[in-house]
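What follows is a short report on a single structure.
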Amino acid sequence: MADSLKETTVPTSGGHGEIKEFDAIIIGSGVTGLYSLYRMRQLGFSVRAFDDASGVGGTWYWNRYPGCRFDSESYSYGYSFSEELLQEWDWKEHYSAQPETERYLNYVADKFDLRRDIQFNSRVVSATYNEVGSFWEICLADGSRSHGRFLITSVGSFSAGYVPDFEGIDSFRGTSCHTRAWPKEGVDLAGKRVGVIGTGATGVQLITEIAKEVAHLTVFQRTANYCAPLRNGLIDAETQKQIKASYPEIFRVCMETPGSFMHEPDKRSAMDVSQEERLEQYERLWTEPGFKKWLSNFYDVMVPGKANEDYAEFVRNKIRERVHDPVVAEMLVPKDHMFGSKRLPCESGYYEVYNQDNVLLVDVREAPIERITPNGIKTRDEEYELDVIIYATGFDAITGGLINLNITGQNGVRLKDKFADGPRTYMGITSAGFPNLFTVNAASVGNFVRAAESLIDWVGETMSYLRDNDFKRIAPTVEAEDAWVKHVNEDGANILRTQANSWFVGANIPGKARALLTSPDTAPAMRAKRAEVAANGYEGFILE
Ligand code: NAP
């Protein structure tokens with residue numbers, strides 16, 4: 001790209017004011033957007049990020065519901081690109097809460113002077129590829145437009161919130177809100193009758209926190225989840241020093257594990273050791289913080305089969321031990337999906353909430369929600385009067401945020417139509433007929449920051465390769481994409497993530513095609529694949 005588009009302003013004929021031109025346009029300023037901006041700028045590209053929020057943070061900007069916090073260790077989630085940043089920033093808790101994470105991302109934005117290239121309060125309503133000029137034109141809600149040779153969608157996996165289409169939803173006279181759009185000023189819940197729909201990772205965190213202040217809480221649960229104790233704690237000065245000295249080791253471990261977490265799996269099979277040894281390990285790991293009890297367990301706990309079911313029963317019994325009323329306990333025990341087939345919610349006192357006199361658990365699989373009424377929620381069996389309804393009903397994950405951008409590629413093909421039967425990508429990050437589009441939000445899995453840094457580095461190297469070799473555009477071949485989609489579907493068919501009705505396969509959204517939305521590969525395998533593709537002259541891509 002010899003005619004590298006440095007930021008310029010050209011007059012338009014369309015009457016929408018001036019069009020700004022950049023080498024790269026980034027959509028989103030969350031963890032991946034901020035790093036994309038930093039990296040592309042460092043590589044000498046002119047760049048502009050657009051975000052519909054009024055500040056940085058993405059997921060950590062929007063999801064400010066009570067109880068929102070990490071399930072990965074704070075120090076494994078932070079950026080690794082700057083030693084100075086690593087040494088300056090003190091994580092307060094092992095699993096940081098949303099306010100601290102938002103503060104961290106603001107600190108990063110300030111430290112690296114990222115804000116000057118971010119346009120806030122700017123919702124992208126369309127992104128269209130211009131074949132003649134070889135650029136992407138994005139249009140904002142206010143009608144203004146910008147052009148970028150490259151388009152990087154850093155819109156996160158969980159940016160499109162999902163609210164079920166309940167009848168009468170607008171008739172409710174009280175306050176209602178979705179966890180994803182929690183108001184900055186908070187919601188007054190003290191002394192109120194509150195209903196929560198949804199018991200995924202979000203619902204579990206929220207319910208635990210608000211049960212401390214509401215007058216009465218009614219939880220509408222469709223599917224019980226396996227949840228495990230987070231065992232969070234403050235980081236004392238000595239531990240802080242140790243963490244700062246151990247960053248190379250922390251990141252080394254993260255780079256080698258399947259999901260980029262700092263928990264190495266046990267290579268033994270649960271079925272190859274005695275029952276006594278197996279139980280000893282289960283119990284020991286149960287006392288450990290975070291995902292260790294999940295990811296550092298016997299390797300076959302993480303695949304469908306006997307070991308998985310053995311551990312699932314162990315977890316079910318842990319739930320039963322904590323809930324006083326045996327009928328309520330059984331309602332909270334998951335029996336219809338495998339352990340780990342949904343992301344494991346980590347909790348801090350969730351099950352004890354159901355021992356409170358002012359908390360009621362309603363099974364809406366047995367008696368579904370029929371409608372929202374002016375006074376509350378009506379299930380098949382009963383109407384529950386409420387002052388506040390909280391929708392912890394999840395997201396149109398990964399592809400929802402992309403589809404909402406109204407992306408149109410070559411020959412007028414819309415990404416929405418192309419993805420109608422599931423994502424059609426090459427390596428999760430590119431799609432045939434959509435040149436120079438990098439869907440980084442669709443390709444990060446596991447511990448997002450760890451995965452995203454290497455992914456964005458690859459995007460930067462690819463863009464530099466094009467620039468240095470006078471190529472204008474890159475897009476995968478249809479053959480490479482077909483082979484990738486086949487790989488995702490075939491190799492994904494037997495992994496845990498495709499065994500439940502969850503967002504992993506789009507099954508939480510009525511009408512969404514069932515397909516694995518992430519790669520079935522481990523993070524190291526994905527990195528190796530990308531490196532190999534680049535080393536082979538961008539095998540599977542057309543460069544023009
Ligand atoms: P989710 O896992 O999709 O859970 C949504 C909940 O809403 C489920 O319990 C679902 O029930 C329920 N629901 C949806 N439609 C319903 C309906 N019509 N009637 C009744 N219930 C309904 O969403 P999420 O909890 O927001 O979590 C999404 C992902 O975000 C997580 O898996 C995780 O990766 C991430 N997350 C991470 C953290 C963290 O600790 N860092 C915290 C929150 C979220 P069914 O299960 O029956 O569909």
Side-chain angles (χ1 to χ4, degrees), residues 31 58-60 62-74 76-77 94-98 101 156-167 169 178-182 195-209 218-230 232 259 261 290-291 294 332 334 336-337 340-348 350 361-372 377-380 389-398 400-401 444-449 497 500-510 512 517-518:
V31 288
T59 290
W60 302 104
W62 293 107
N63 288 269
R64 47 184 78 239
Y65 61 84
C68 180
R69 69 171 63 248
F70 284 156
D71 53 13
S72 337
E73 290 67 24
S74 311
S76 77
Y77 194 95
H94 286 277
Y95 302 90
S96 143
Q98 178 273 336
T101 310
S157 297
F158 306 112
S159 52
Y162 165 65
V163 179
D165 189 16
F166 291 125
E167 210 185 311
I169 201 157
H178 191 282
T179 46
R180 186 263 173 197
W182 201 262
V196 176
I197 306 174
T199 52
T202 300
V204 166
Q205 289 182 331
L206 171 95
I207 289 162
T208 311
E209 200 55 33
T218 311
V219 176
F220 297 85
Q221 172 190 272
R222 190 166 64 181
T223 309
N225 249 315
Y226 299 92
C227 307
L230 178 64
N232 187 24
F261 294 102
F291 281 158
W294 181 27
L332 289 164
D336 63 353
H337 62 280
S341 57
K342 298 185 177 196
R343 184 152 164 157
L344 179 72
C346 288
E347 50 80 33
S348 308
Y350 175 63
L361 180 63
V362 175
D363 180 351
V364 293
R365 185 173 300 283
E366 172 66 21
I369 295 173
E370 282 183 347
R371 57 177 294 123
I372 308 296
I377 295 177
K378 164 90 179 69
T379 68
R380 186 198 63 191
I389 298 177
I390 302 174
Y391 294 90
T393 41
F395 300 86
D396 183 354
I398 301 183
S444 309
V445 285
N447 182 337
F448 285 97
V449 185
R497 269 176 283 152
N501 290 329
S502 76
W503 61 262
F504 279 127
V505 290
N508 62 325
I509 303 297
K512 188 168 176 174
L517 301 177
T518 60

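Atoms within a ligand are numbered from 1 in the order they appear, just like the ligands themselves.
- With ring centers used as reference points, Phe158 lies 6.0 Å or more from Trp62.
- The heavy atom nearest to atom 19 (N) of ligand 1, out of those in Phe158, Phe166, Tyr391, is found in Phe166.
- When the heavy-atom distances from atom 44 (C) of ligand 1 to Asp71, Asp165, Thr202, Val163 are ranked, the shortest goes to Thr202.
- Those atoms of ligand 1 that come under 4.0 Å of a heavy atom in Phe395, given as number and element, are 26 (O).
- Every atom of ligand 1 with a heavy atom of Thr199 under 4.0 Å away is listed here by number and element: 6 (C), 8 (C), 9 (O).
- For ligand 1, the polar-atom distance check finds an N/O of Arg222 within less than 3.5 Å of one of the ligand's N/O atoms.
- Applying the side chain to side chain contact (heavy atoms under 4.5 Å, CB included) test to Asp165 and every residue at least two apart in sequence or in another chain returns nothing.
- Legend: residues meeting side chain to side chain donor-acceptor pair (under 3.5 Å) with Tyr350, ordered by chain and number and at least two apart, are Tyr354.
- Of the candidates Ala392, Cys346, Gly198, Pro164, it is Ala392 that places a heavy atom closest to atom 5 (C) of ligand 1.
- Contact detail for Pro345 and Tyr226: the closest heavy-atom pair is CD-O, 3.1 Å.
- The N/O atoms of Trp60, backbone and side chain alike, include none that comes under 3.5 Å of an N/O atom in ligand 1.
- In this comparison of Val219, Val204, Asp396, Thr223, the heavy atom closest to atom 45 (P) of ligand 1 sits on Thr223.
- Close contacts between ligand 1 and Lys342 involve ligand atoms 46 (O) [criterion: under 4.0 Å to a heavy atom].
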